[in-house]
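Some notes on the structure that comes next.
As a basis for the values below, the full set of heavy atoms in this structure was taken, side chains included, without hydrogen atoms, waters or symmetry mates. No experiment lies behind these values; they were computed from the predicted model shown. Convention: sequence-line order gives letters A, B, ...; per-chain numbering from 1.
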Protein chains: 4
Amino acid sequence: MEAAIKTRHKQNDKYRRILEAAVNVFAEQGFFQSTISQIAKVAGVADGTIYLYFKNKDDILVQIFSFKTKQVFEGFREEVDRVADPVEKLRNLVRRHLEEFQKDRSMAIVYLSETHQTSRRAEEQIREMSKLYLDLISEIVEQGQADGCVRKDLYLGLVRRFIIGAVDEVINTWLHSDGTYDLTSMADPLVDLFIQGIGSADATE
Amino acid sequence: MEAAIKTRHKQNDKYRRILEAAVNVFAEQGFFQSTISQIAKVAGVADGTIYLYFKNKDDILVQIFSFKTKQVFEGFREEVDRVADPVEKLRNLVRRHLEEFQKDRSMAIVYLSETHQTSRRAEEQIREMSKLYLDLISEIVEQGQADGCVRKDLYLGLVRRFIIGAVDEVINTWLHSDGTYDLTSMADPLVDLFIQGIGSADATE
Amino acid sequence: MEAAIKTRHKQNDKYRRILEAAVNVFAEQGFFQSTISQIAKVAGVADGTIYLYFKNKDDILVQIFSFKTKQVFEGFREEVDRVADPVEKLRNLVRRHLEEFQKDRSMAIVYLSETHQTSRRAEEQIREMSKLYLDLISEIVEQGQADGCVRKDLYLGLVRRFIIGAVDEVINTWLHSDGTYDLTSMADPLVDLFIQGIGSADATE
Amino acid sequence: MEAAIKTRHKQNDKYRRILEAAVNVFAEQGFFQSTISQIAKVAGVADGTIYLYFKNKDDILVQIFSFKTKQVFEGFREEVDRVADPVEKLRNLVRRHLEEFQKDRSMAIVYLSETHQTSRRAEEQIREMSKLYLDLISEIVEQGQADGCVRKDLYLGLVRRFIIGAVDEVINTWLHSDGTYDLTSMADPLVDLFIQGIGSADATE
DNA sequence: GATGAATGAGAATTCATTCAT
DNA sequence: AATGAATGAATTCTCATTCAT
């Protein structure tokens, strides 16, 4: 039945409307303080209708991640493939990441909030996205090492957290500042920090 | 009245027990899925007793931040002051940060979860801690610039997010891995990344 | 939203059933000793259902006054208009008053109890009903004065309290006597007292 | 033990202070919305102390009636005995009644509220006071009838409610009007209404 | 498919009362 | 006698979910 729901409805207009409404409501109030009624009202459907498209409240969040947020992450792949140079790849990835999250503030809020929980409702989806992202970085770094523009004495697992953590925090800070400065402009300086660090070249041990 | 509560009870054994119980329960289940009854049971007191020490459920979280977590952050300051060299300062700060969060896993969970929410219940306390931390980093970076071991062409605001974000993410990944590897061991490689970045020295543009 | 509730439900069977149940439960136990669960059980609905029709417990009482009791008071007007003679009007008013309260003992209890509180939950509704009643009496008295059957040296404000107080007390006494004598039979003797007082005609100073 | 409490404490200063505090708190908030803590705070004693002087919360109300309010009613007797003329007696009674209630507004509120409840916590005490008062009126009326200044065709039971109801309502109205006009001034006009009614002498049927 | 009224389990909070000090 | 911390029963209200229409 669950499978039936998914195949039947995914293209449907109402499915989209509910999903969109849910992201916005969750972003505004947080998952637990949001009610099905609020989402229904924003989506312009009846409360009961939501249960034709989603198994339960948790499932809405799961689908936000498996359908909406995942799409965004899939876009990252092409961004990386568009160029050959590893540093350029990284720059494109980070820029696109910031762009997408700037474009959809609500998704950014829901994403950051949910990924920093220990008991995640969309655990599986987050793992998948996380793997997607981490694989991209691995690829870039490894290619960089082959090209000689990236150091070889790196613990790859750490590099990935280092990069994703910094990006997430830049987004998080942006979300908490009312002043809506341009998030994308952070891409280049940030990548610069990833590559060069903060140390002065000559001071390098 | 609230003031009365605070002064009367802060030294009290029960206050501590409830606070400790709450951190653990919140860490395990998340704030909204935790109930006062669970906390009371873990603390070994009656439900009503909690309201002798805390105004309401939100207030428990606020006090966790203003009393327990803040203490940890205040310890960072001395860690930085213990040494003179800026890089050493940074290394100490990051190590201590990882140490403390490894020591108190529940606090780490609650901290990461709450700081990545947009409507935070302990907003004020988080701001305060955040400022504390960011000021430390600013100091270190600026001293590093004066000493010549840190680049001058840096946007300080970004550097701070870059560092704190990476640290947080290293902790977050550790929290989500059951295998409890040693978090502290990440300090040195991480600081190395902060200083040198991932680029090879000669490839620097 | 509150408006929505009212228009959607006022005709509804369940609205009436809950209202009726509430009057009876309040009458039996008093407002504060009555619980939503009791009312729900008597009304034959679930606890939560009550909140589809009423904002909260207080609102039930408010609606009892603005919907149920007010209806009764509006009936008084036609009773007075049915006859021309002022004394006859007063007699009709008092008789109808006693009749209605005898007919609905629970409402009588709730009415008397609530009107003799200083912090009334249905303050506005009571004021409105009170004005309705007092205006009727004013009219009657003034017409009586014009007709010559009522004294002119009267402080109208006091006359109104004098009448309404006596009527209320007759009802109150009836409510407290288990023996359920006929309340209506008090109408004529009472009006007689209003008109003639207890003094003997010749003894009048 | 209860008896012990009573004899031991009635003269005690703390007993009085708690009783006084309770009347004021009950008057301000109503019995059910008042808490033992509030009363204790106003009385300047600890919560637990109240239970040295009173069996429970209900008992405080009972003692207010059996100790404080009853005193007031006992004063009515001497007021009536001071003069010989029945009309004068009634005038004194009503005046004193209004005086006392004006003097102690809180008591007036508690008295009116409690006497108009059906499930009274101080039922017995109220009955006693009620009997006291009604007996006074009976006496006056009967003496008036013997003297010839009061009509003989009266239903005594009704006359008593007629008088007490009017007096209570005059007080009730005064309590609900912020403007604190002089309640005592109502005594003479009110008694005049009791004696003469509102009818014009010649219009008497 | 769509609706939204109805449900009732569940949770936060209050407060009369007790009792160790 | 006096205290006030501790208790836990009791109550209001919310909201995810169901189901008859």
Please determine, for the side chain of C:A46, which listed nucleotide (F:dA5, E:dA5, E:dG8) has the closest atom?
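For the C:A46 side chain, the nearest candidate turns out to be E:dG8.
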Applying salt bridge (charged side-chain N to carboxylate O under 4.0 Å, His left out), can you list everything that pairs with A:K70, at least two apart in sequence or on another chain?
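With sequence neighbours excluded, A:K70 shows a salt bridge (charged side-chain N to carboxylate O under 4.0 Å, His left out) to A:E128, given in chain and number order.
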Non-neighbouring partners of C:E28 that pass side chain to side chain donor-acceptor pair (under 3.5 Å), sequence neighbours left out
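C:E28 satisfies side chain to side chain donor-acceptor pair (under 3.5 Å) with no residue once adjacent residues are dropped.
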Let me know the distance between [atom1] of [X] and [atom2] of [N], rounded to the nearest Å.
X	N	atom1	atom2	answer
D:Q38	E:dT14	CD	C1'	12 Å
B:F26	E:dA11	CZ	P	14 Å
A:Q29	F:dT14	CD	P	14 Å
C:I39	E:dT7	CD1	P	15 Å
A:L52	E:dG4	CG	P	13 Å
D:I60	E:dC15	CD1	P	15 Å

Spell out, as yes or no, whether a donor-acceptor pair under 3.5 Å connects the side chain of A:S106 to the backbone of A:A27.
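Such a contact is absent between A:S106 side chain and A:A27 backbone.
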Atom pairs, N/O to N/O, protein against nucleotides 17-21 of chain E, distance under 3.5 Å?
from: E:dT17; atom 1: OP2; to: D:Y51; atom 2: OH; distance (Å): 2.9
from: E:dT17; atom 1: OP2; to: D:K57; atom 2: N; distance (Å): 3.0

Want to settle it: does A:S34 or C:Q33 sit nearer the 5' end of DNA chain F, counting the closest nucleotide to each?
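Checking each residue's closest nucleotide, the 5'-ward one belongs to C:Q33.
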With nearest nucleotides of DNA chain F determined for C:F32 and C:T49 from heavy-atom distances, which residue corresponds to the more 5′ nucleotide?
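Checking each residue's closest nucleotide, the 5'-ward one belongs to C:F32.
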Residues that A:S113 engages under side-chain contact (heavy atoms from CB on, under 4.5 Å), provided they are two or more places apart:
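By the side-chain contact (heavy atoms from CB on, under 4.5 Å) rule, A:S113 matches A:Q117, B:Q117.
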Quick one: side-chain contact (heavy atoms from CB on, under 4.5 Å) partners of A:A22, sequence neighbours excluded?
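Here the qualifying residues are A:F26, A:I39, A:I60, A:I64.
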Would you please say whether a donor-acceptor pair under 3.5 Å links the side chains of D:Q63 and D:Y53?
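Absent: no donor and acceptor within the cut-off.
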Contact class for A:T35 vs. all strands (heavy atom < 4.0 Å): base, sugar-phosphate, or nothing?
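It contacts sugar-phosphate atoms only.
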Checking D:K68 against D:Y111: charged group under 6.0 Å from the ring centre and within 45 degrees of the axis?
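Not flagged: D:K68 not positioned over aromatic ring of D:Y111.
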Short side-chain N/O contact to E:dA6 OP1/OP2 from C:K14, under 4.0 Å:
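True: C:K14 side-chain N/O within range (under 4.0 Å) of E:dA6 OP1/OP2.
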Passing candidate, side-chain contact (heavy atoms from CB on, under 4.5 Å) with B:V110, options B:T69, B:D104, B:L61
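That would be B:L61.
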Where does DNA chain F form stems of at least three consecutive Watson-Crick or G-U wobble pairs, each pair having both distances below 3.5 Å?
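Paired runs of 3+ in DNA chain F: E:2-21 with F:2-21.
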Supply the atom-to-atom distance B:I109 CD1 to B:R105 CZ, rounded to the nearest 0.5 angstrom.
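Those atoms lie 5.0 Å apart.
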